[in-house]
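Below: one structure, written as structure tokens.
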Amino acid sequence: MSKTLQAIRGMNDILPADGALWLYLEDTARRIFEQYGYRFVRMPIVENTALFVRGIGEATDVVEKEMYTFEDGPSKEKESLTLRPEATAGIVRAAIEHNLTYERGQRVWTHGAMFRHERPQKGRYRQFYQLDVEALDFAGPDVDAEQIVLLARLWKELGLTDAVRLKINTIGDQNDRRAYRETLITYFSRYPEQLDDDSRRRLHRNPLRILDSKNPAMQTLIENAPRMLDHINPDARTHFEALQALLRQAGIDFEIDTRLVRGLDYYNRTVFEWVTDRLGAQGTVAGGGRYDGLFELLGGKSTPACGFAAGIERLILLLQERKTECSDAPAIYLVFQGDEVVAFAWRVAETLRNEGYALTLNAGGGNFKSQMKKADASGARIALILGDDEAHSRTITVKWLRDTDKTQHTGEQERVSAAELGRWLKAHGV
Ligand code: HAM
């Protein structure tokens, strides 16, 4: 026998037992995104490596060590391509390429697989899925607030409101950051012996990321560091205050976390994260912010924008922890036996599907007993049973398999005329 093959580490199979929960989450999100006027887009999974290097930033963890990059094409015209580690850069590339914001701003959303070569652990994978929402050519702070309110609604509908909390911050504009960077380098350089290896490496490349360090030994040093909030220009400050006012008006609780900087370089002004304590180290379920400079950085004209992404696996873990029930069981399982019954059974099945019922038709034959076992395992509420008797009398035996609305039918069975079946099912709440 040949050796069995397995999925790649950090890349997970989503199996039928979890399928319904994934679809419930995706459908709920889709409905809410549409309610807020966001329109669906889908971009390629593979892009030119330069897009991410320029867009996300050379000195970020994602670009420095987490990208799946490969050479493609004949030897003379080899191109460097990368599996997308996130969706924003691709969407902005497409918006520039198709002149999407020529007439007016665009609210768009997408979902799909992203790839980062991280060390896998609970809530952190190498192929993972995001829900991603972007408002292109909106200067805010109204859309910044809109996206946060939209997420609050998503948590509410998913029953996760008390599992997550919101952190916001402003990181000012590019010039503020440039000046703040120097301030931080000067500050941290005064305490070289207190910096860990990671931070020493980041000191000149990306000192803002030092503020993000989780190393307990560095917390006092970080707490005493100069704060970004004290180094931002008046416009950015007004923007941040207006965002807070809108959130208060919408009844959204938030915490200002002056150390929140996010891991991608394109952000300016508003940054936010929704975090949970229930997932250990991988506690950020959604994150985003404003990226007013990204269009220009990628060769487009200056276009303010704001967006976020939520990690689907992390939300699924929260839903599972909450024991959120989701079922994709059919309402009806149809068992049948006898050569003369086949056509009748198929006709009944298609007629009920025309009426909108989810119906699984037994496949592969078998005696009634084995078919009834499959009917039960399918999770259906009722089994329809067709044998020669039923075919001759144009009737169908209905057997209750489980009583989801507790009307005490389980185990009962009765004969119903085929012509009456649709009405009978409706009258019995199936
Ligand atoms: P991000 O913070 O890198 O932002 O990722 C957003 C979310 O994706 C995280 O909060 C987390 O829930 C999930 N996530 C990230 N990496 C992994 C992983 N390895 N395994 C499982 N889940 C993960 C972005 O990607 C930005 N593009 C968000 C954005 C959109 N900003 C503006 N527009």
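Computed from a predicted structure; not experimentally measured. First listed ligand is number 1; within each ligand, the first listed atom is number 1.
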Checklist entry - More than 12 non-hydrogen atoms from neighbouring residues, nucleotides or ligands closer than 6.0 Å to NZ on K156, yes or no? => result no
Checklist entry - Between T88, L131, L294, which one has a non-hydrogen atom sitting closest to atom 30 (C) of ligand 1? => result T88
Next on the checklist: Show the atoms of ligand 1 that are less than 4.0 angstrom away from any heavy atom in A309.
Outcome noted: 6 (C), 7 (C), 28 (C), 29 (C), 30 (C)
Item to check | Test applied, side chain to side chain donor-acceptor pair (under 3.5 Å); reference residue, Y38; option that passes from E134, Q106, E146 | outcome: E146
Next on the checklist: Contact between ligand 1 and R262 is defined here as a heavy atom of the residue under 4.0 Å from a ligand atom; is it met?
Outcome noted: yes
Next on the checklist: Please check if the number of heavy atoms outside E325 that lie under 6.0 Å from its CD is greater than 12.
Outcome noted: no
Next on the checklist: Distance under 4.0 Å to a non-hydrogen atom of Y266: what atoms of ligand 1 satisfy this?
Outcome noted: 26 (C), 27 (N), 29 (C), 31 (N)
Checklist entry - For Y267, is the nearest heavy atom under 4.0 Å from an atom of ligand 1? => result yes
Checklist entry - In terms of ring plane angle, is the pair H111 and F40 parallel, tilted or perpendicular, where the classes change at 30° and 60°? => result perpendicular
Item to check | Within-cut-off N or O pair, R124 and ligand 1, under 3.5 Å | outcome: no
Next on the checklist: How about CD on Q6, more than 12 heavy atoms from neighbouring residues, nucleotides or ligands closer than 6.0 Å, or not?
Outcome noted: no
Item to check | N or O contact, E313 vs ligand 1, cut-off under 3.5 Å | outcome: no
Checklist entry - Hey, does Y129 sit under 4.0 Å from ligand 1 if you only count heavy atoms? => result no
Next on the checklist: If you measure every N or O of Y291 against every N or O of ligand 1, does any of those distances drop under 3.5 Å?
Outcome noted: no
Checklist entry - Hey, would you say the Y187 and Y191 ring centroids sit under 6.0 Å apart? => result yes
Checklist entry - Relative to the heavy atoms of G123, which atoms of ligand 1 are at a distance of less than 4.0 Å? => result 20 (N), 21 (C), 22 (N)
Item to check | Sub-4.0 Å heavy-atom contact, G263 with ligand 1 | outcome: no
Checklist outcome for this item: Within 4.0 Å of some non-hydrogen atom of A286, the atoms of ligand 1 are 10 (O)
Checklist entry - By number and element, which atoms of ligand 1 are closer than 4.0 Å to a non-hydrogen atom of E86? => result 25 (O), 26 (C), 27 (N)
Item to check | Interfacing atoms of ligand 1 (cut-off 4.0 Å, heavy-atom, V285) | outcome: 10 (O), 12 (O)
Checklist entry - Using 30° and 60° as the class limits, which term best fits the ring planes of Y129 and W22: parallel, tilted or perpendicular? => result perpendicular
Item to check | Ligand-residue contact atoms, ligand 1 with G288, heavy atoms, under 4.0 Å | outcome: 31 (N)
Item to check | Close-contact set for ligand 1 against E134 heavy atoms, below 4.0 Å | outcome: 30 (C), 32 (C), 33 (N)
Next on the checklist: For the 3.5 Å polar cut-off, considering only N or O atoms, please tell me whether D132 and ligand 1 meet it.
Outcome noted: no
